Amino acid sequence: MSRNIYVKHRPAVIGAGLTLFRRRMLETPKELAWIAAKQALDEAGLTLKDIDCVVIGSAPDTFDGVHMKGEYLADGAGGVGKPTMRVFVGGATGVMVPIAAWWHVASGTVRQSSPLPRRR
């Protein structure tokens, strides 16, 4: 079977993080972003130094009253000094964030942090 697209790298999800879905009064949105990012890094066995690009998913700005929320959450998610992309597409945000991240790696826009063995 031939592929219909040219993929420079073969990305894989090696860690994920998620905060609870409830109203939280103790943490700021930046702190919640860090909790999710830290979970993903710990699961993958990586540190912030290993990350080349950050893709953030969040609700539209009007839901939280924060303008330019991608920039607001970037430092909490580990995106300081790194390319950061924010994805928000209504109910499909949770699906579209990993897809956007996959395309960043597959296209060669960012390097693959941990090379995986190639299939033959």
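Keep in mind that what you see is a predicted model, and the values were worked out from it rather than measured. Atoms considered below: every heavy atom in the structure, side chains included; atoms not considered: hydrogens, waters and symmetry mates.
- With Gln39 contributing its side chain and Ala16 its backbone, the two residues share no donor-acceptor pair below 3.5 Å.
- Looking at Thr84 and Val55, their side chains never come closer than 4.5 Å, going by heavy atoms from C-beta outward.
- For the pair Met85/Val54, no side-chain contact is recorded, criterion being any heavy-atom separation below 4.5 Å from C-beta on.
- For the atom pair Lys49 NZ and Leu41 CG, the distance stands at 13.0 Å (nearest 0.5 Å).
- Closest heavy-atom contact between Ala100 and Val87: CB-CG2, 3.9 Å.
- In plain terms, the two heavy atoms of Gly15 and Glu43 that are nearest each other are CA-OE2, 3.8 Å.
- To the nearest 0.5 Å, the span separating CG on Leu48 from CH2 on Trp34 amounts to 4.5 Å.
- A pairwise comparison of heavy atoms in Gly17 and Ala40 identifies N-CB, 3.7 Å as the closest pair.
- When all heavy atoms of Gly94 and Pro98 are compared, the pair lying nearest together is O-CD, 3.2 Å.
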Verdict with supporting geometry, Ile14 and Leu46, side-chain contact (heavy atoms from CB on, under 4.5 Å): CA-CA 10 Å; Ile14 57 173; Leu46 300 173; 3.8 Å; yes
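- Rounding to the nearest 0.5 Å gives a distance of 12.5 Å between CD1 of Ile56 and OG1 of Thr93.
- Rounding to the nearest 0.5 Å gives a distance of 8.0 Å between CG of Leu73 and NZ of Lys30.
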Chi angles and distances behind the salt bridge (charged side-chain N to carboxylate O under 4.0 Å, His left out) call for Lys82, Asp52: CA-CA 6 Å; Lys82 300 172 183 169; Asp52 293 324; over 6 Å; no
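- If you chain together hydrophobic residues whose side chains sit under 4.5 Å apart, Trp102 and Val13 never meet in one group.
- Taking both residues in full, the closest heavy atoms of Phe88 and Ser58 are given as CB-O, 2.9 Å, listed atom of the first, atom of the second, then distance.
- Taking both residues in full, the closest heavy atoms of Ala33 and Ala77 are given as CB-N, 4.0 Å, listed atom of the first, atom of the second, then distance.
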